[in-house]
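Just passing along the structure, written as structure tokens.
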Amino acid sequence: MFRFSKKKKNKNTVQDLIGILPFFNKGLKTKNGELVYFIISPTNISVLSNENIQTKIWHLMQVLSAQPNIEITCMDSCERFDDNKSFMLERFNEETNLSVKECIKKDIDYLDNIQIEMSTARQFMFSVRFRKEKEEQIFNQVNKVEKAIAEQGFEVKRAKKDDIKRFLAIYFGASMQGELIPDVDGGDCFEEEIKKAVA
């Protein structure tokens, strides 16, 4: 007589797959430690001289020398309209009604203008990973990193929860308004049910 054991299938959530755990008071918890993020205001190097660009590079090297464990992420803080534009160009070529064609042309121009305005919008995030450090060590290291970045002439601010949510939403292509995404999917519905039960 054979006995078959039923093994539970692991059902991975999105959080499990990307390794993100809940937020903590200074940043984001992950399976590989706690991450504290710093937002660095970008510099428009197209208006700087070669000497000033070299100085900026030198300052960044100084930051990385002083804090070699810093991780850097850079991304466009804008949406991509390529698919929309391709669709509209096809419609424009197929359309026979001149009035409709003119409207489509205005939409295409509008998308072009938005993309030009937003194409220079970059976001830079520096992050420091903590694995087994105590609260006091994290606090001291975070202040040390922020000071080291600021001393080299970069505009820096520690990212808050909404900043991190917005950044992650752009990174994963979910939304341009990540701060509006709830922490727990369906949590707002659960709160509504509690309100109804209490009422």
Side-chain angles (χ1 to χ4, degrees), residues 12-82 114-181 183:
N12 289 330
T13 63
V14 174
Q15 277 185 297
D16 292 332
L17 292 171
I18 59 179
I20 292 176
L21 301 173
F23 289 91
F24 77 113
N25 62 348
K26 290 185 178 61
L28 183 66
K29 287 190 177 184
T30 73
K31 289 182 177 179
N32 295 316
E34 298 172 344
L35 286 167
V36 177
Y37 290 93
F38 301 89
I39 299 172
I40 311 299
S41 297
T43 302
N44 185 1
I45 62 171
S46 63
V47 297
L48 296 179
S49 65
N50 286 336
E51 291 77 13
N52 286 332
I53 293 172
Q54 291 296 326
T55 303
K56 279 286 179 190
I57 294 170
W58 173 255
H59 287 161
L60 180 58
M61 287 170 58
Q62 293 304 305
V63 171
L64 297 177
S65 298
Q67 304 294 330
N69 59 334
I70 282 180
E71 300 171 30
I72 303 174
T73 306
C74 170
M75 66 175 66
D76 289 338
S77 60
C78 64
E79 294 180 80
R80 192 174 62 86
F81 302 108
D82 294 352
I114 291 177
Q115 202 136 24
I116 289 166
E117 285 174 17
M118 298 179 77
S119 64
T120 55
R122 301 280 185 264
Q123 287 195 341
F124 294 91
M125 296 276 270
F126 287 8
S127 61
V128 180
R129 191 181 301 272
F130 298 95
R131 298 188 190 276
K132 295 179 181 176
E133 289 83 355
K134 293 178 181 175
E135 183 68 26
E136 189 181 342
Q137 290 174 307
I138 293 174
F139 178 79
N140 290 334
Q141 182 64 15
V142 165
N143 288 334
K144 187 177 174 186
V145 169
E146 191 169 4
K147 186 181 176 188
I149 296 169
E151 282 178 345
Q152 294 302 326
F154 294 100
E155 277 186 52
V156 58
K157 75 165 189 171
R158 199 173 311 166
K160 295 179 181 173
K161 184 178 179 179
D162 282 353
D163 297 319
I164 298 169
K165 285 173 72 175
R166 191 181 311 114
F167 184 75
L168 290 173
I170 294 169
Y171 185 82
F172 290 108
S175 169
M176 290 300 294
Q177 296 177 313
E179 68 276 14
L180 302 179
I181 297 174
D183 292 357

Tell me whether N52 contacts the main-chain N or O of L48 through its side chain, where contact means a donor paired with an acceptor under 3.5 Å.
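Looks like no, no N/O pair under 3.5 Å.
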If we only count heavy atoms from C-beta on, is the K161 to L28 side-chain gap below 4.5 Å?
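No, every pair of side-chain atoms sits at 4.5 Å or beyond.
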Heavy-atom closest pair, residues R158 and D163
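Nearest pair, atom of R158 first, then D163: O-OD2, 4.4 Å.
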Evaluate F126 against I39 for side-chain contact (heavy atoms from CB on, under 4.5 Å), listing each step before the verdict.
CA-CA 7 Å; F126 287 8; I39 299 172; over 6 Å; no
Would you say F38 and V142 make side-chain contact, with heavy atoms under 4.5 Å?
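Yes. Closest side-chain heavy atoms under 4.5 Å.
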Would you call the rings of Y37 and F167 parallel, tilted or perpendicular, where under 30° means parallel and over 60° means perpendicular?
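If you compare the ring of Y37 with that of F167, the planes turn out tilted.
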How many angstroms lie between CD in E146 and CZ in F154, if you round to the nearest 0.5 Å?
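Here the interatomic distance stands at 14.5 Å.
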Show, in sequence, the C-alpha distance, side-chain angles and deciding distance for Q67 and K144, and conclude whether the side-chain contact (heavy atoms from CB on, under 4.5 Å) test is met.
CA-CA 9 Å; Q67 304 294 330; K144 187 177 174 186; 3.9 Å; yes
Would one find more than 12 heavy atoms of other residues, nucleotides or ligands at under 6.0 Å from atom CD of E155?
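Atom CD in E155 is not crowded, with 12 or fewer foreign heavy atoms closer than 6.0 Å.
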Heavy atoms only: give me the nearest I138-K26 pair and the separation to one decimal.
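So the minimum-distance heavy-atom pair works out to CG2-CD, 3.9 Å.
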Hey, does the Lys NZ or Arg CZ of K134 hover above the aromatic six-ring of F139, less than 6.0 Å from the centre and inside 45° of the axis?
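No.
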Between NZ on residue K160 and CZ on residue R166, distance to nearest 0.5 Å
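So the NZ of K160 and the CZ of R166 are separated by 11.0 Å.
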4.5 Å side-chain heavy-atom contact, E133 and Q141:
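A side-chain contact under 4.5 Å is absent here.
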Taking all non-hydrogen atoms of both residues into account, name the closest pair between G27 and I164 and its distance.
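Closest heavy-atom pair between G27 and I164: CA-CD1, 3.9 Å.
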Flag the pair V145 / V36 as yes when at least one side-chain heavy-atom distance between them is below 4.5 Å, and no otherwise.
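With C-beta onward as the side chain, the pair stays apart.
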Give, for atom CD1 of I70 and atom CD1 of I149, the distance between the pair rounded to the nearest 0.5 Å.
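Answer rounded to 0.5 Å: 4.5 Å.
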Going through the checks in order, is the salt bridge (charged side-chain N to carboxylate O under 4.0 Å, His left out) test met by R129 and E71?
CA-CA 8 Å; R129 191 181 301 272; E71 300 171 30; 3.1 Å; yes
In this structure, which one of V63, T55, L60 forms a side chain to side chain contact (heavy atoms under 4.5 Å, CB included) with Q152?
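Of V63, T55, L60, side chain to side chain contact (heavy atoms under 4.5 Å, CB included) with Q152 is met by V63 alone.
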Check this for me: K56, atom NZ, are more than 12 non-hydrogen atoms of other residues, nucleotides or ligands nearer than 6.0 Å?
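Yes, because the 6.0 Å sphere around NZ of K56 holds more than 12 heavy atoms from other groups.
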